[in-house]
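Have a look at the structure below, then the notes.
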Amino acid sequence: MGVLSVLVLTAALVLPGVGLDGLDAAAGGDVPDLSYGDQGPLVAELNRRLNQAGFNADDADDFGSETRHAVYAFQKHHEMRTDGVFSEAMWDVLAEPIELPRQQYPDRVEVNLGTQTLYVVEGQEVVYIAPISSGNGEVYESSSGGRAYAVTPEGEYAFERRIDGVRKSFLGTLYNPYYFKGGFAVHGSG
C-alpha cells in the first residue's frame, strides 16, 4: 500500500514554484494580506497557484477552509509563523520550488516531523502537501492505566491497514486512519 517515511527532509526533488508575477497591478498597487473569508480574483489566483504547487486549496475565488489548511501547510513547510494569513511577501516564497529528498520509492508518503508537514509523492512528484500534528512528547494515561508518551516514531514503514470512515479510539476520533506501526496512524482529526 506504499511506504511512509518519517524523516528530516533535505533538498533534491523539485516541484516548480509559482510567484507574484504582476499581481501588484492586478490588485491596484499593494497586494493585500489574504485570510479566511476573503473573496475575489486575487484569492482565485492564490488558490490556483497553491493548487499548482501541491497545497490543495479551494478551487473557486473563496478563501475557505481548504485554502486555510493549504496556507497552514505552506507556512509549516517554509517554517513560517502558522497563522493562516497569506501576506504579500509569501507570493515570492510560493515561487520557490518545493524540494524533497529523492528516495528509492517513487510513490510514497513523507512526513517531516520538524516542519509538521505531510507530502504525498507520486512518480517522484509532490502531488499533495498537508499540515499535520504529531506526538508532542507529553505523558498521558494509557487505556490500561499506565504512563505512556505521545511520541511519533521516526523511520520507514509500510502501511499495514486502513479503516474507511470514523474510528473511535481511546485517545479520540480518527478519520480514515492509515496504520503504519501497530496503533500508530496517519489520520484526519477535528
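By convention here, the first residue in the shown sequence is residue 1.
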Item to check | Nearest heavy-atom neighbours spanning Ala44 and Asp61 | outcome: CB-CB, 3.7 Å
Item to check | Point-to-point distance, once rounded to the nearest 0.5 Å, from CZ of Arg108 to CD of Glu156 | outcome: 9.5 Å
Item to check | Working for side chain to side chain contact (heavy atoms under 4.5 Å, CB included), residues Val111 and Ile132 | outcome: CA-CA 8 Å; Val111 175; Ile132 61 125; 3.7 Å; yes
Checklist outcome for this item: Interatomic distance, CE@Met90 vs CG@Leu46, rounded to 0.5 Å, equals 10.0 Å
Item to check | Nearest heavy atoms of Ala148 and Ser142, plus distance in Å | outcome: CB-CB, 4.2 Å
Item to check | Check against side chain to side chain contact (heavy atoms under 4.5 Å, CB included), Asp59 and Asn47 | outcome: CA-CA 6 Å; Asp59 289 325; Asn47 287 340; over 6 Å; no
Checklist entry - Is Tyr72 linked to Leu118 within one hydrophobic cluster, defined over Ile, Leu, Val, Met, Phe, Trp and Tyr using a side-chain heavy-atom separation of less than 4.5 Å? => result no
Checklist entry - Side chains of Asp58 and Thr67: do they bring a donor and an acceptor to under 3.5 Å? => result yes
Next on the checklist: Under 4.5 Å between side-chain heavy atoms, counting indirect links through other Ile/Leu/Val/Met/Phe/Trp/Tyr residues: same cluster for Val85 and Tyr36 or not?
Outcome noted: no
Checklist entry - Any side-chain donor paired with an acceptor under 3.5 Å for Tyr179 and His187? => result no
Next on the checklist: For Ser134 and Gln116, which I'm curious about, is there any donor-acceptor pair between the side chains at under 3.5 Å?
Outcome noted: yes
Next on the checklist: If you apply the rule side chain to side chain contact (heavy atoms under 4.5 Å, CB included), what do you find for Asp164 with Arg162, and how did you get there?
Outcome noted: CA-CA 6 Å; Asp164 286 327; Arg162 175 181 180 213; 2.8 Å; yes
Checklist entry - Between Val186 and Leu174, is there a shared hydrophobic cluster once you connect ILVMFWY residues whose side-chain heavy atoms come closer than 4.5 Å? => result no
Item to check | Derivation and outcome, side chain to side chain contact (heavy atoms under 4.5 Å, CB included), residues Asn56 and His69 | outcome: CA-CA 8 Å; Asn56 198 42; His69 284 94; over 6 Å; no
Next on the checklist: Looking at Glu66 and Arg68, is any side-chain nitrogen of the basic one under 4.0 Å from a carboxylate oxygen of the acidic one?
Outcome noted: no
Item to check | Euclidean distance, Arg81 CZ relative to Ser87 OG, rounded to 0.5 Å | outcome: 9.5 Å
Checklist outcome for this item: side chain to side chain contact (heavy atoms under 4.5 Å, CB included) test vs Val109 passes for just one of Phe159, Tyr178, Tyr128, namely Phe159
Next on the checklist: Quick check against the 3.5 Å criterion: does Asp38 have a side-chain atom that pairs as donor or acceptor with the backbone of Phe63?
Outcome noted: no
Item to check | Distance in Å, Glu45 CD paired with Gln52 CD, rounded so as to fall on 0.5 Å steps | outcome: 8.5 Å
Next on the checklist: Under a plain distance cut-off of 3.5 Å, with no hydrogens placed, do Asp62 and Gln39 share a side-chain donor-acceptor pair?
Outcome noted: yes
Checklist outcome for this item: One should read off an interatomic distance between Asn136 CG and Thr152 OG1, to the nearest 0.5 angstrom, of 8.5 Å
Item to check | Test ring pair (Phe, Tyr, Trp, His ring centres under 6.0 Å) applied to Phe74 and Phe86, step by step | outcome: CA-CA 9 Å; Phe74 173 83; Phe86 197 87; 5.5 Å; yes
Next on the checklist: I need the minimum non-hydrogen distance between Pro177 and Gly165, along with the two atoms involved.
Outcome noted: CD-O, 3.9 Å
Checklist outcome for this item: Lys168 and Thr173 have their tightest heavy-atom pair at NZ-OG1, 3.4 Å
Next on the checklist: Applying side chain to side chain donor-acceptor pair (under 3.5 Å) to Tyr119 and Thr117, what does each step give before you reach the verdict?
Outcome noted: CA-CA 7 Å; Tyr119 305 86; Thr117 45; 2.9 Å; yes
Next on the checklist: Distance check, rounded to the nearest 0.5 Å: Glu141 atom CD versus Phe170 atom CZ?
Outcome noted: 6.5 Å
Next on the checklist: Through direct or indirect side-chain contacts below 4.5 angstrom among Ile, Leu, Val, Met, Phe, Trp and Tyr, which residues connect to Val151?
Outcome noted: Val139, Tyr149
Checklist entry - Nearest heavy-atom pair of Leu94 and Ala53: which atoms, and what distance? => result CD1-CB, 4.1 Å
Checklist entry - What pair of heavy atoms forms the shortest contact from Pro153 to Phe180, and how long is it? => result CG-CE1, 3.9 Å
Checklist entry - Should Leu42 and Val31 count as side-chain neighbours, where that means a heavy-atom distance under 4.5 Å? => result yes
